[in-house]
*Asks:* 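The structure is given below, and queries will be raised subsequently.
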Amino acid sequence: MGLKTKHSQTKRAGWDEYFMNIAKVVSSRSTCDRKFVGAVIVRDKTILSTGYNGSIRKLEHCNDIGHMMENGHCVATIHAEANAILQAAKNGVCIDDSTIYMTASPCWSCFKLIANCGIKRVCFGEFYRDKRIFTYSKKAKIELVKL
């Protein structure tokens with residue numbers, strides 16, 4: 001009979017929960033205080049890229065200088081999923097056939113980026129504003145999972 005340790009008595013996180021927890025930590029780096037969003041791109045249980053919502057690289061952050069508002073949204077911010085895709089591209093990391101974990105569902109523009117870069121599965125926490133993703137994910141054969 002094996003020894004029971006304190007760790008063996010706790011529930012081990014499943015893969016979806018594990019990567020979503022990492023996306024939540026990534027969101028803590030967000031530089032637009034209107035919404036803290038994190039994204040983690042994964043394939044074969046390996047993290048390929050991460051991203052959070054924030055300003056254009058090397059420019060001032062919304063948290064420091066204020067927001068650039070249009071129609072109730074800050075348009076200075078690059079969304080977390082776009083930043084994760086851009087980070088993969090910048091570093092030459094293939095993200096085809098991967099899964100993206102996001103603390104919020106993608107907006108329409110980011111959904112189109114996700115679809116065209118070859119991500120096949122989108123796991124998200126809260127729903128964020130655009131219901132078109134549900135219709136078009138089926139057409140594009142992208143699995144959407146609310147966690």
Side-chain angles (χ1 to χ4, degrees), residues 7-8 10-147:
H7 178 73
S8 67
T10 60
K11 180 184 170 266
R12 185 174 184 206
W15 288 111
D16 284 344
E17 180 183 3
Y18 172 73
F19 290 120
M20 184 58 81
N21 285 340
I22 293 171
K24 289 174 186 173
V25 171
V26 171
S27 76
S28 71
R29 293 282 306 151
S30 295
T31 63
C32 181
D33 55 11
R34 291 181 49 80
K35 191 155 191 70
F36 293 85
V37 181
V40 178
I41 301 175
V42 174
R43 187 178 51 244
D44 299 327
K45 300 175 185 154
T46 301
I47 295 173
L48 303 174
S49 185
T50 66
Y52 52 86
N53 57 320
S55 297
I56 295 170
R57 190 181 299 267
K58 298 182 183 175
L59 296 185
E60 299 87 359
H61 301 292
C62 298
N63 291 358
D64 298 329
I65 63 165
H67 302 282
M68 184 187 303
M69 299 299 293
E70 288 181 11
N71 299 320
H73 300 283
C74 179
V75 296
T77 300
I78 301 168
H79 289 184
E81 55 272 43
N83 271 328
I85 291 166
L86 291 166
Q87 191 67 23
K90 183 175 185 274
N91 292 311
V93 176
C94 177
I95 56 174
D96 200 33
D97 293 323
S98 63
T99 297
I100 188 166
Y101 292 86
M102 303 164 43
T103 57
S105 63
C107 70
W108 179 238
S109 293
C110 288
F111 176 79
K112 293 184 287 183
L113 293 175
I114 288 167
N116 272 13
C117 75
I119 292 173
K120 296 297 181 196
R121 186 169 182 252
V122 177
C123 297
F124 64 93
E126 68 175 290
F127 173 72
Y128 177 69
R129 80 176 167 167
D130 203 315
K131 294 181 181 180
R132 289 177 286 191
I133 65 170
F134 298 108
T135 301
Y136 284 89
S137 64
K138 289 177 185 159
K139 291 180 180 185
K141 296 185 171 95
I142 297 171
E143 182 183 3
L144 281 182
V145 180
K146 172 133 179 33
L147 297 178

*Asks:* Taking only distance into account, with no hydrogens and no angle test, what donor-acceptor pairs under 3.5 Å do side-chain atoms of residues 138-145 form with protein atoms, sequence neighbours excluded?
*Replies:*
from   : atom 1 : to     : atom 2 : distance (Å)
Glu143 : OE1    : Arg121 : NE     : 3.4

*Asks:* So do Tyr128 and Lys35 actually touch side chain to side chain, heavy atoms under 4.5 Å?
*Replies:*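 Answer yes - side chains close enough.
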*Asks:* Report yes if some heavy atom in the side chain of Val40 is under 4.5 Å from a heavy atom in the side chain of Ile100; otherwise report no.
*Replies:*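 In short, these two side chains do not touch, never coming nearer than 4.5 Å.
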*Asks:* With heavy-atom distances below 4.5 Å as the criterion, would you say the side chains of Val122 and Ser137 are in contact?
*Replies:*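 Val122 does not reach Ser137 side chain to side chain.
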*Asks:* If you look only at distance, which donor and acceptor atoms sit under 3.5 Å apart when one is on a side chain in residues 59-72 and the other is two or more places apart or in another chain?
*Replies:*
from  : atom 1 : to    : atom 2 : distance (Å)
His61 : ND1    : Thr31 : OG1    : 3.1
Asn63 : OD1    : Asp33 : N      : 2.7
Asn63 : ND2    : Thr31 : O      : 3.4
His67 : NE2    : Asp33 : OD1    : 2.9

*Asks:* Show me the side-chain donor-acceptor pairs of residues 92-99 shorter than 3.5 Å, one per line, residues at least two apart or across chains.
*Replies:*
from  : atom 1 : to    : atom 2 : distance (Å)
Ser98 : OG     : Ile95 : O      : 2.5

*Asks:* Partners of Arg132 by salt bridge (charged side-chain N to carboxylate O under 4.0 Å, His left out), sequence neighbours excluded?
*Replies:*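 So Arg132 forms a salt bridge (charged side-chain N to carboxylate O under 4.0 Å, His left out) with Asp130.
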*Asks:* To the nearest 0.5 angstrom, please state how far the SG atom of Cys123 sits from the CG atom of Leu147.
*Replies:*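 Rounded to the nearest 0.5 Å, the SG-CG separation comes to 5.0 Å.
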*Asks:* Report the residues that fulfil side-chain contact (heavy atoms from CB on, under 4.5 Å) with Lys131, sequence neighbours left out, ordered by chain and then residue number.
*Replies:*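 Expected list: Phe127, Phe134.
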*Asks:* Identify all side-chain donor-acceptor contacts of residues 75-89 below 3.5 Å with residues at least two apart in sequence or on another chain.
*Replies:*
from  : atom 1 : to    : atom 2 : distance (Å)
Asn83 : ND2    : Tyr52 : O      : 2.8
Asn83 : ND2    : Ile78 : O      : 3.4
Gln87 : OE1    : Arg57 : NH2    : 3.3

*Asks:* Taking only distance into account, with no hydrogens and no angle test, what donor-acceptor pairs under 3.5 Å do side-chain atoms of residues 20-28 form with protein atoms, sequence neighbours excluded?
*Replies:*
from  : atom 1 : to    : atom 2 : distance (Å)
Asn21 : ND2    : Glu17 : O      : 3.3
Ser27 : OG     : Lys24 : O      : 2.6
Ser28 : OG     : Val25 : O      : 2.5

*Asks:* My understanding is that only residues two or more places apart in sequence, or in another chain, count here; which of them pass side chain to side chain donor-acceptor pair (under 3.5 Å) with Arg129?
*Replies:*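 Applying side chain to side chain donor-acceptor pair (under 3.5 Å) to Arg129 gives His73.
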*Asks:* Please report the closest heavy-atom contact between Ile133 and Cys107, naming both atoms and the distance.
*Replies:*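 The pair with the smallest heavy-atom distance is CG2-O, 4.4 Å.
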*Asks:* Show every ring pair (Phe, Tyr, Trp, His ring centres under 6.0 Å) that has at least one partner inside residues 80-122, sequence neighbours left out.
*Replies:*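 Output for this query lists Phe19-Tyr101, Trp108-Phe111, Trp108-Tyr136.
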